[in-house]
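Since the structure comes first, as structure tokens, the remarks are kept for the end.
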There are 2 protein chains.
Amino acid sequence: MPQPYEILFKTLADPTRRAIFERLCRDGEQTVKTLTARAGVSQPAVSKHLGVLRRAGMVRDRHEGRQTHYSAQLGALAPLVDWTQQMAGFWQSRFDDLEDLLERMDQ
Amino acid sequence: MPQPYEILFKTLADPTRRAIFERLCRDGEQTVKTLTARAGVSQPAVSKHLGVLRRAGMVRDRHEGRQTHYSAQLGALAPLVDWTQQMAGFWQSRFDDLEDLLERMDQ
DNA sequence: TCAATTGATAACTCATTGGCTATTGATCGC
DNA sequence: GCGATCAATAGCCAATGAGTTATCAATTGA
């Protein structure tokens, strides 16, 4: 099974795509048209990024007539937090191990 | 000035490179040789990844004779935490705005 | 001293990907 | 119904980047 944060890191690596996600977090639900207006790239490029974000579970789409509204799924960031905490945990436990060792040497 | 998390996302996007960083967090300081033994790629590939990690400020190198010891710099992950909290903050404030609106409508 | 070890760099290949234009499908307003 | 609008897809291109092998520089030890 693939790590859940694997796809998150890949998806967030592109600045344009990350900017789109940030905008959805900041301003809430947006149509492709409004997103395109400020993205600095063409509409197909925006659609492609939104597709990547959607497949990563980071956004939801809602169809309404001919427009599609996208919104951020904040919960999708959880694996990122978990990963960071795990790294910090490794760090801490190595520190603890060192403390244990020094303590035992001290006796 | 470039966003501090920009380079972090890019650096962490590659699985091999992220695995090297994880290993340094988990097991502490390692030489290039020991890292190469488990990386699944050639020594030059490992060196290249370590160079990327170093330029991103995520690892430090320490030269000792002909070997180079690398160690993780956990503090480098701070911008990642900041970014995540910022996204959560946007989310929360939009929620607050909605609450305010509903409250005012309720009067 | 000289062979072996360690790690970095050079030079190259190949796959991935982010961008574009063109087009299609679908829906809306007149 | 028909032209306009909105979004997705197809097809293409160029840049990036991760991997390789070959090689070099530096250090070690026999």
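Everything numeric here is computed off the predicted structure, so don't read it as measured data. Chain letters run A, B, ... following the sequence lines, proteins first and then strands; every chain starts at 1.
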Of the candidate nucleotides D:dT20, C:dT21, C:dG18, which contains the atom at the shortest distance from the side chain of A:S42? C:dT21
OP1, OP2 of D:dC6 versus side-chain N and O of A:Y70: anything below 4.0 Å? no
Nearest heavy-atom approach of B:A39 to B:T16 is O-CG2, 4.4 Å
At 4.0 Å (heavy atoms only), tell me whether B:T36 reaches a base, stays on the sugar-phosphate, or touches nothing. nothing
From C-beta outward on B:R17, which listed nucleotide comes closest to its side chain: D:dA18, D:dA7, C:dC20? D:dA18
Please tell me if A:S47 has a side-chain N or O lying less than 4.0 Å from either OP1 or OP2 of D:dA7. no
Between CD of A:Q67 and P of D:dA8 the distance, given in whole Å, is 11 Å
Just how far, in rounded Å, is P of C:dT6 from CZ of B:R62? 16 Å
Check if the side chain of B:K48 and the base of D:dG19 share a donor-acceptor pair of N or O atoms closer than 3.5 Å. yes
Would you mind reading off the distance between B:K33 atom NZ and D:dT28 atom C1', rounded to a whole angstrom? 14 Å
Quick check for you: among D:dA8, C:dT9, C:dG7, whose closest atom lies nearest to any side-chain atom of B:T31? C:dG7
C:dC2 C1' sits how many Å from B:R66 CZ, rounded? 13 Å
Euclidean distance, atom CD1 of residue B:I7 to atom P of D:dT16 [Å, nearest integer]: 15 Å
Which residue lies more 5' along DNA chain C, comparing A:K10 with B:H63 via nearest heavy atoms: B:H63
How long is the line joining CD of B:Q43 and C1' of D:dA26, in whole Å? 14 Å
Between B:V52 and A:H69, just flag the one whose closest nucleotide in DNA chain D comes earlier from the 5' side. A:H69
Among B:R18, B:R17, B:R54, whose side chain to side chain donor-acceptor pair (under 3.5 Å) with B:H49 holds? B:R17
Okay, side chain of B:T34, backbone of B:Q30: is any donor-acceptor separation there less than 3.5 Å? no
N/O (side chain, A:T68) to phosphate O (OP1/OP2, D:dA8) under 4.0 Å: yes
Give the minimum heavy-atom separation between A:C25 and A:L74, together with the two atoms involved. SG-CD1, 4.4 Å
Any idea which of D:dG19, D:dC6, C:dG18 is nearest the A:H49 side chain? C:dG18
Students often mix this up, so state it plainly: with edges at 30° and 60°, are the rings of B:F9 and B:W83 parallel, tilted or perpendicular? perpendicular
Among D:dA7, D:dT28, D:dT20, the one nearest B:P44 by side-chain distance: D:dT20
Gap between atoms CG and P, on B:L53 and D:dA18 respectively (whole Å): 11 Å
What is the separation between atom CD on B:E64 and atom P on D:dA26, rounded to the nearest whole Å? 19 Å
If you pin A:A45 and B:T34 to their nearest nucleotides in DNA chain C, which one's is more 5'? B:T34
What are the two closest heavy atoms between B:A76 and B:G57, and how far apart are they? CB-O, 3.3 Å
